[in-house]
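Below: one structure, written as structure tokens.
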Amino acid sequence: MYRVNPFHPNSIYLISENKKFNLYFEELKRKFPYHDYILNIGDYEVNNYSDYGFIECRRTYDLNVEINRFLNNFFENKENIVQRASSPFTLSNQLIKKWYEIYKKTHKVNPVKSLNLEEFKERLAEGLDFENSIAIFNTQCEIIAYALIYDDSKDKKEVGYVYFKDTKSKQQLLEVLFNRLIFLNNKGIHRIVTEVDTTDKYAYEIFGAFIDDSTAYMKTLIYKSKMTKLSSRNIEHDDINYVLNWSKDIHFCLSNGWPLNRTNEAIFEWWNYVIESQSDSFQRKMLVSNKTIIGYYDLYTHNENIIELGIAIGDKNFRNKGYGSLLFSKITAEVSRKYPSKDIIAITDKTNIVAQRMIIKSGYRVENSDKYKPYITNNELVYRYI
């Protein structure tokens with residue numbers, strides 16, 4: 001069985017209960033040859049969908065949090081909370097356009113349809129608590145934060161969508177939300193529920209602190225027709241032309257720790273060194289899509305229990321479209337199957353927000369365990385695949 005989501009017209013949504021999934025899936029691909037395919041599975045399910053080209057693109061955590069716990073997490077000194085006033089909430093065209101802009105950014109891998117104000121307004125308004133939802137404007141009447149609150153049950157509210165422009169507007173949003181939640185708590189509503197997607201940086205930043213190893217989640221897998229011929233191979237001396245081109249890309253160099261302004265001679269010498277350094281403890285592999293080199297990934301075996309992965313996307317056509325997290329998810333899944341008893345980690349600089357988001361989308365969580373500290377500096381974060 002399958003269904004079509006009218007808001008994501010490029011994808012076919014599959015039901016995974018078919019016992020002959022391989023035959024069923026091949027039949028669908030013949031029927032819809034240019035579509036992507038979406039499959040949702042629980043965290044408890046053992047699957048081999050990667051054999052059919054599916055890659056994990058996000059995880060959705062279901063949270064059910066006591067209001068008091070939420071408030072205590074963010075506000076130790078509640079008496080110092082500023083009693084911020086917010087404008088009366090209306091589901092205006094301005095708000096719908098801002099919501100669409102943010103929703104589109106957090107769904108690059110599975111693109112949303114073009115904006116239709118009335119259609120999306122109807123969707124957002126269903127079950128919306130207009131009294132307690134929040135929209136915050138700056139002095140130029142720009143929407144800088146919002147939280148859409150929905151009715152859930154007699155003693156619960158759902159936080160549906162959140163957004164904040166920057167750290168300051170996030171704090172403003174939390175302070176207004178604090179007062180709304182106090183009001184709801186006094187009315188006998190003691191819990192909030194929400195879904196936190198790893199692709200939604202705003203929800204994850206606010207609610208990520210409540211996610212732990214016991215939190216239930218749903219995996220979303222995607223089959224991208226554009227990525228069906230993805231493979232990897234050993235690096236070669238003949239790859240030097242790709243390396244020379246990437247070395248001219250300032251953004252690529254800064255993102256991946258490559259020195260700037262190297263001479264061709266220095267790059268040749270360095271690339272030869274990388275090739276000669278291949279061993280059981282360090283491997284670099286070229287990523288190939290439809291016979292085109294698009295980047296590389298690194299695999300470090302630190303000891304018998306810990307493997308570190310890293311990825312670099314050199315082809316600009318595969319950047320800022322969600323492919324980085326898909327590729328990293330695919331590599332992680334393959335390494336996890338090959339080494340099921342090992343911890344798989346990823347390390348990034350504390351200031352590299354883009355890399356952190358990609359790693360989180362790929363199923364990793366930040367770790368503070370002492371056993372990983374020997375592999376990072378004070379300016380780095382370590383994430384573990386869960």
Side-chain angles (χ1 to χ4, degrees), residues 7 40 58-92 94-103 106-107 120-137 143-165 169-212 214-218 220:
F7 296 102
N40 292 317
R58 74 175 181 189
R59 295 186 182 189
T60 301
Y61 292 90
D62 292 317
L63 294 183
N64 187 329
V65 184
E66 286 185 347
I67 286 179
N68 281 332
R69 183 184 171 209
F70 178 83
L71 299 177
N72 290 335
N73 184 75
F74 283 100
F75 304 103
E76 294 181 2
N77 301 310
K78 300 183 181 63
E79 61 276 5
N80 295 329
I81 298 300
V82 177
Q83 297 294 314
R84 292 190 181 275
S86 62
S87 305
F89 181 85
T90 58
L91 194 56
S92 63
Q94 181 187 5
L95 179 58
I96 296 169
K97 289 177 181 178
K98 172 57 71 173
W99 171 86
Y100 178 82
E101 173 193 332
I102 303 306
Y103 188 84
T106 58
H107 289 76
F120 281 105
K121 184 173 185 177
E122 182 179 347
R123 173 185 176 177
L124 292 175
E126 187 175 351
L128 184 63
D129 180 350
F130 285 83
E131 181 183 2
N132 292 296
S133 291
I134 300 164
I136 300 175
F137 298 78
I143 295 175
I144 58 172
Y146 58 72
L148 303 189
I149 311 296
Y150 288 83
D151 295 321
D152 185 83
S153 63
K154 185 177 181 180
D155 65 340
K156 291 197 293 283
K157 291 284 185 179
E158 178 184 358
V159 181
Y161 302 99
V162 295
Y163 160 73
F164 47 87
K165 182 178 180 180
S169 56
K170 174 188 173 184
Q171 185 62 26
Q172 289 179 266
L173 176 64
L174 286 172
E175 289 173 354
V176 176
L177 186 59
F178 173 89
N179 292 308
R180 296 294 165 86
L181 293 179
I182 288 292
F183 171 74
L184 291 171
N185 210 27
N186 291 337
K187 287 183 62 176
I189 296 171
H190 302 305
R191 307 188 74 88
I192 54 174
V193 296
T194 189
E195 292 184 347
V196 182
D197 291 342
T198 52
T199 55
D200 186 342
K201 66 177 183 178
Y202 308 103
Y204 201 89
E205 191 166 327
I206 289 180
F207 295 105
F210 303 98
I211 296 172
D212 57 33
S214 65
T215 307
Y217 61 84
M218 183 74 72
T220 298

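Within a 6.0 Å radius of CD in Gln94, other residues, nucleotides and ligands contribute more than 12 heavy atoms.
At a threshold of 4.5 Å between non-hydrogen side-chain atoms, the residues Arg191 and Val65 do not count as touching. At a threshold of 4.5 Å between non-hydrogen side-chain atoms, the residues Arg180 and Ile149 do not count as touching. The closest side-chain heavy-atom distance from Glu158 to Val193 is below 4.5 Å. Side-chain atoms of Asp62 and Glu195, non-hydrogen and from C-beta on, do get closer than 4.5 Å to each other. The shortest distance between side-chain heavy atoms of Leu184 and Ile192 does not fall below 4.5 Å. The shortest side-chain heavy-atom distance between Glu101 and Tyr163 does not fall under the 4.5 Å cut-off. Using a 4.5 Å cut-off on side-chain heavy atoms (C-beta onward), Thr215 and Leu63 make contact. Under the 4.5 Å side-chain criterion, counting only non-hydrogen atoms from C-beta, Ile102 is in contact with Tyr146.
Side-chain N or O atoms of Thr194 include one that pairs as donor or acceptor with a backbone N or O of Val159 at under 3.5 Å. In this structure, Thr198 contributes its side chain and Arg59 its backbone to a donor-acceptor pair below 3.5 Å. Asn186 contributes a side-chain N or O that, together with a main-chain N or O of Ile182, makes up a donor-acceptor pair within less than 3.5 Å.
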*Do Leu148 and Phe89 pass the side-chain contact (heavy atoms from CB on, under 4.5 Å) test, and can you show the C-alpha distance, the side-chain angles, and the key distance before you say yes or no?*
CA-CA 10 Å; Leu148 303 189; Phe89 181 85; 3.6 Å; yes

_side-chain contact (heavy atoms from CB on, under 4.5 Å) evaluation trace for Leu91 with Ile96_ = CA-CA 7 Å; Leu91 194 56; Ile96 296 169; 4.3 Å; yes

*asked:* Let's go through Ile189 and Asp155 carefully: what are the C-alpha distance in whole Å and the side-chain angles of both, what is the deciding distance for side-chain contact (heavy atoms from CB on, under 4.5 Å) to 0.1 Å, and is it a yes or a no?
replied: CA-CA 4 Å; Ile189 296 171; Asp155 65 340; 5.6 Å; no

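The aromatic rings of Phe120 and Phe7 sit tilted, their planes meeting at an angle between 30° and 60°. Ring planes of Tyr202 and Phe164: perpendicular class, angle over 60° (limits at 30 and 60°).
The cationic atom of Arg123 (NZ for Lys, CZ for Arg) lies less than 6.0 Å from the six-membered ring centre of Tyr103 and within 45° of the ring axis.
Proximity of the aromatic rings of Phe207 and Phe70 is defined here by a centroid distance below 6.0 angstrom, and this criterion is met.
The two residues Ser214 and Asp212 make their nearest non-hydrogen contact at OG-OD1, 2.6 Å. Here the closest heavy-atom approach between residue Ser169 and residue Ala145 is recorded as O-CB, 3.9 Å.
Each of Asp151, Asp152, Asn132 was compared with Lys157 under the side-chain hydrogen bond (donor to acceptor under 3.5 Å, both in side chains) criterion, and only Asp151 meets it.
Sorted by first and then second residue, the pairs that involve residues 196-205 and meet salt bridge (charged side-chain N to carboxylate O under 4.0 Å, His left out), not counting sequence neighbours, are Arg58-Asp197, Lys170-Glu205.
Atoms CD and CG, on Glu66 and Asn185 in that order, are 9.0 Å from each other to the nearest 0.5 Å. Rounding to the nearest 0.5 Å places NZ of Lys165 at 13.0 Å from CD1 of Ile136. Tyr204 contributes atom OH, which lies 11.5 Å from atom OG1 of Thr199 (distance to the nearest 0.5 angstrom).
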